[in-house]
2 protein chains.
Amino acid sequence: MSENIPFPVGELPHPAREELILSQVLFALSDPARLAIVSQLVEGPLDMARCYLTDPTIAKSTKSHLMRVLREAGVIRNEPKGRGRTLSLRREDLDYRFPGLLDAILSSAPSGERLDLT
Amino acid sequence: MSENIPFPVGELPHPAREELILSQVLFALSDPARLAIVSQLVEGPLDMARCYLTDPTIAKSTKSHLMRVLREAGVIRNEPKGRGRTLSLRREDLDYRFPGLLDAILSSAPSGERLDLT
DNA sequence: GAAATTGTTCGAAAATAATCGAACAATAAC
DNA sequence: GTTATTGTTCGATTATTTTCGAACAATTTC
């Protein structure tokens with residue numbers, strides 16, 4: 001009985017580069033847990049299972065929600081990969097729309113939220 | 001009957017430069033109305049009465065609250081001046097703590113929220 | 001000093017956002 | 001095919017934010 005097919009859960013919707021809204025990006029990055037996620041993605045794409053949260057007691061549905069906020073703001077990409085997901089930073093799009101913003105934020109981020117950039 | 005003297009309302013508390021927290025700043029700037037206020041302050045200090053909101057129907061207590069969020073995040077200064085208040089951007093402190101951040105945000109802000117910078 | 005101006009604080013109501021567990025979906029492993 | 005793994009969605013709950021009007025405070029103007 002397939003009624004109410006909401007979404008095929010596989011490919012998720014991502015805003016186009018031109019649709020990114022500054023306020024939404026700032027809001028997404030204004031949460032320490034979300035910013036910490038972004039910091040982990042600076043080095044490159046990451047399997048979601050290998051993307052750790054500052055608070056390990058958080059429910060997986062909450063983790064999923066954090067990713068959703070980042071994705072809907074256009075900060076990260078979330079793609080199916082095997083039985084899991086690959087997360088990646090939309091650096092080009094962010095730099096194109098908001099030049100210097102990501103760098104400024106990442107270089108100001110608390111050290112606990114920043115990886116080694118040497 | 002002076003009980004419960006909460007605050008002399010005059011000088012309001014401002015966080016010190018070292019106390020500014022990135023997440024709080026980003027959150028404060030993630031609201032379009034608040035960002036618009038900040039954009040008006042780029043040109044210099046402004047009497048609060050001359051600081052306009054995008055939505056003119058907003059209550060004065062709400063306007064006051066918007067200013068409070070910006071002040072408590074350390075984005076603006078709010079000082080008594082005559083019977084009103086003078087608002088100013090804490091640019092030096094922000095630039096010191098979060099280099100490039102304010103510029104990146106302001107130059108990416110929607111045109112309706114940005115003044116002429118020529 | 002009385003009235004007008006400007007803006008803060010307080011308390012309550014409304015709107016948003018965060019969080020969780022349970023149910024579901026998709027792939028992988030067996 | 002069955003089970004395990006990984007992560008999304010849904011619905012409910014809680015927490016945080018926003019908004020407002022009323023009351024109050026400080027200053028200016030009269």
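Values below: every heavy atom of this structure, side chains too, minus hydrogens, waters and symmetry copies. Remember, predicted model here, so these are calculated numbers, not experimental data. Reminder, nothing fancy here: chain letters follow the sequence lines and each chain counts from 1.
For the pair B/Arg85 and C/dT5, the criterion of a side-chain N or O lying under 4.0 Å from OP1 or OP2 is not met.
In terms of position along DNA chain C, the nucleotide closest to A/Lys60 lies nearer the 5' end than the nucleotide closest to the other residue of the pair A/Gly82 and A/Lys60.
Axis angle across the helix from C/dG1-D/dC30 to C/dC30-D/dG1, with five pairs used at each end and values rounded to 10°: 20°.
Residue-level contact check: A/Arg50 touches neither bases nor backbone, having no heavy atom under 4.0 Å from any strand. Across all strands, A/Asn78 comes closer than 4.0 Å only to sugar-phosphate atoms, never to a base (heavy-atom distances).
Closest to the side chain of B/Arg83, out of C/dA4, C/dT9, D/dT18, is C/dA4. The side chain of A/Met48 lies closest to D/dT8, out of C/dG7, D/dT8, D/dT6.
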Checklist line | B/Asp47 and B/Lys81: CA distance, side-chain angles, deciding distance, salt bridge (Lys or Arg N to Asp or Glu O under 4.0 Å) verdict | finding: CA-CA 8 Å; B/Asp47 288 355; B/Lys81 155 106 177 285; 3.4 Å; yes
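The side-chain tip of B/Arg34 points at the ring of B/Phe27 from less than 6.0 angstrom away and within 45° of straight on.
With rounding to whole Å, A/Asp31 atom CG is found 7 Å from C/dA18 atom P. The CD atom of B/Gln24 sits 14 Å away from the P atom of D/dT16 (whole-angstrom rounding). In this structure, B/Leu26 places its CG atom 17 Å from C1' of D/dT17, rounding to the nearest Å. One can place CG of B/Leu12 at 19 Å from P of D/dC24, the figure rounded to the nearest angstrom. Here the P atom of nucleotide C/dA18 and the CG atom of A/Asp55 are 15 Å apart, to the nearest Å. In this structure, the CG atom of B/Leu29 is 16 Å from the C1' atom of D/dT17, given to the nearest Å. As rounded to whole Å, 19 Å separates atom P of C/dT6 from atom CD1 of B/Ile58. Rounded to a whole Å, the NZ atom of B/Lys81 is 13 Å from the C1' atom of C/dT6.
Not counting sequence neighbours, the partners of A/Asp103 by the salt bridge (charged side-chain N to carboxylate O under 4.0 Å, His left out) test are A/Arg91. Checked against side-chain contact (heavy atoms from CB on, under 4.5 Å), A/Ser64 has no partners two or more places apart in sequence or in another chain. Partners of B/Glu19 under the salt bridge (charged side-chain N to carboxylate O under 4.0 Å, His left out) rule, at least two apart in sequence or in another chain, do not exist in this structure.
The salt bridge (Lys or Arg N to Asp or Glu O under 4.0 Å) pairs that include a residue from residues 54-71 of chain A are A/Arg68-A/Glu72, where partners are two or more places apart or lie in different chains.
Residues from residues 61-73 of chain A placing a heavy atom under 4.0 Å of any atom in DNA chain C, listed by number, are A/Ser61, A/Thr62, A/His65.
One distance of note links CD of B/Gln40 with CG of B/Leu89; it measures 12.0 Å at 0.5 Å rounding.
Minimum heavy-atom separation, A/Val38 to A/Leu102: CG1-CD1, 4.5 Å.
Residues A/Val69 and A/Asp31 fail the side-chain proximity criterion, which asks for heavy atoms closer than 4.5 Å.
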